[in-house]
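The structure appears right after this line, and notes come after that.
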Amino acid sequence: MPQLSKRVGTFTDSVIRRMTRISDAHEGSINLSQGFPDFNPPQVLLDALAEMAKGGPQHQYSVTFGSEDLRRCIAEKYALRFGRPIDPETEVVITCGSTEAMMAAMMTVCDPGDKVIVFSPFYENYGADAILSGADPIYVPLVPPSFQFDPKVLEDAFQQRPKAIVVCNPSNPCGKVFTREELSYILSLAETYDAFVITDEVYEHIVFAPNVHVPAASLPGGDRRVITCNSLSKTFSITGWRLGFLIAPAEVAENVKKVHDFLTVGAPAPLQEAVCAGFRLGQDYYDGLTETYTRKRDLFCKGLDAIGLKHTVPQGSYFILVDISDFLATEKFAGWTDLQFCEWMVGEVGVAAVPGSSFFREPVGHLIRLHFARSEESLQEALRRLSGLRAYLK
Ligand code: GLN
């Protein structure tokens, strides 16, 4: 067989998605690895989808950069959030998830050899995004337990003249919500060193009080250099619909449209039409979403405390990092990697997690990531199973 490209040899499949497959292969396992809800989207979306199924032009391609209706919905919503008008024709691109939006953004701004700043820990896709677009990541640590960055270290990274910085806010996997001050500082450096700010804001509506989500694009200068990537997956509990979007200055969006067109032609057209119903939901819906996830976070954190597991308390997103060092210090688990621990946990405990090492540039092997986008019954059952872990510490 001819050799495959060198490129594909430089990264592995997604460990997040691999853990889901491992979990699926174990009958009855509770999958707290890949983050997606086990509850239904809002009824209005299901009804709108049923309506779409009756037939019509929406079963053919939409405009490559997104259905006009959906782009209009997005432009209206984000004009309010960003505090400036957004042109649905020139500044919005609908993509197949934020995954494609991020990849298209990176491919649009980077030439091979360009540098891109990525905070560590990071969502694992960014590594592959950088490799596929030819960019070299410069990693800047978010330092536990508060996951703040050192402003001096960030400026040093900018002095290497990166093309862009990637900001996941709220952050997967550490649950950090960037403050207005932190974002303003990042933007001021991007201004000084002439770089783009590529954000991934898919958890913008899963933020726990007193934290608030500030869109980087709403800050002074944000209209010129911020490329906002986002998704409807988490906001409307529709991860399988694969609907994401990107909002960027018109000159950038025009080029993202080309990359997107040749990668995918477009996101699923009937789903784009159906999701517009979600944009007619009022503030009550978003308040309800926050309340639901706050309850789940509190329930899960309290449960982990009761078991005696050390963990992060997220300010946003639905991820928790659990410290497994005490286990790795025992004879049974001596020398184990976090991946081996996660594989063992699926089989022995019946709960799937993601090894923390998938998210860190630094050699971190003592954390596993769990998510709590599950019904309260599933979370209770997961906690009951996790409490069995205590036996291994005796
Ligand atoms: N963002 C989710 C996670 O980190 C899942 C995203 C995905 O698998 N596309 O688990």
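Since we're looking at a predicted model, the values are computed, not measured. In each ligand, atom 1 is the first atom listed, and ligand 1 is the first ligand listed.
- Looking at atom 1 (N) of ligand 1, its nearest protein heavy atom turns out to be Tyr203 OH, 3.0 Å.
- When each atom of ligand 1 is checked for a heavy atom of Gly35 under 4.0 Å away, the hits are 2 (C), 3 (C), 5 (C), 10 (O).
- With respect to Phe327, the ring pair (Phe, Tyr, Trp, His ring centres under 6.0 Å) criterion is satisfied by exactly one of Tyr392, Phe341, Trp336: Phe341.
- Looking at ligand 1, you won't find any N or O of Arg242 less than 3.5 Å from one of its N or O atoms.
- For atom 3 (C) of ligand 1, the closest non-hydrogen atom on the protein side is Arg369 NH2, 3.4 Å.
- Asn230 and Thr228 are not linked by any side-chain donor-acceptor pair at a separation below 3.5 angstrom, with hydrogens and angles left out of the test.
- Below 4.0 Å from some heavy atom of Asn172 lie the following atoms of ligand 1, by number and element: 1 (N), 3 (C), 4 (O).
- Protein heavy atom at the shortest distance from atom 6 (C) of ligand 1 is Tyr123 OH, 3.0 Å.
- Side chain of His213 to main chain of Val207: no donor-acceptor pair is present (N/O by atom type, distance under 3.5 Å, no hydrogens or angles).
- Between the side chain of Asn211 and the backbone N or O of Phe208 there is at least one donor-acceptor pair closer than 3.5 Å.
- Using a 4.0 Å cutoff on heavy atoms, His371 does not count as a contact of ligand 1.
- The shortest heavy-atom contact between Pro85 and Ala79 is CA-CB, 4.3 Å.
- Annotation for ligand 1: atoms under 4.0 Å from non-hydrogen atoms of Ile16 are 4 (O), 10 (O).
- Each of the following atoms of ligand 1 lies closer than 4.0 Å to a heavy atom of Phe319: 3 (C), 4 (O), 10 (O).
- The backbone N or O of Lys115 sits nowhere less than 3.5 Å from a side-chain atom of Lys163 that would complete a donor-acceptor pair.
- Looking from atom 8 (O) of ligand 1 to the surrounding protein, the closest heavy atom is Gln34 NE2, 2.7 Å.
- Residue Glu68 qualifies as open at atom CD: its count of foreign heavy atoms under 6.0 Å is 12 or below.
- Assignment of Phe36 to the shell around ligand 1 is not supported, since no heavy atom sits closer than 4.0 Å.
- Taking every non-hydrogen atom of Arg17 and a distance limit under 4.0 Å, the qualifying atoms of ligand 1 come out as 7 (C), 8 (O), 9 (N).
- Of the possible donor and acceptor atoms, none in the side chain of Ser378 sits under 3.5 Å from a partner among the backbone N and O of Arg374.
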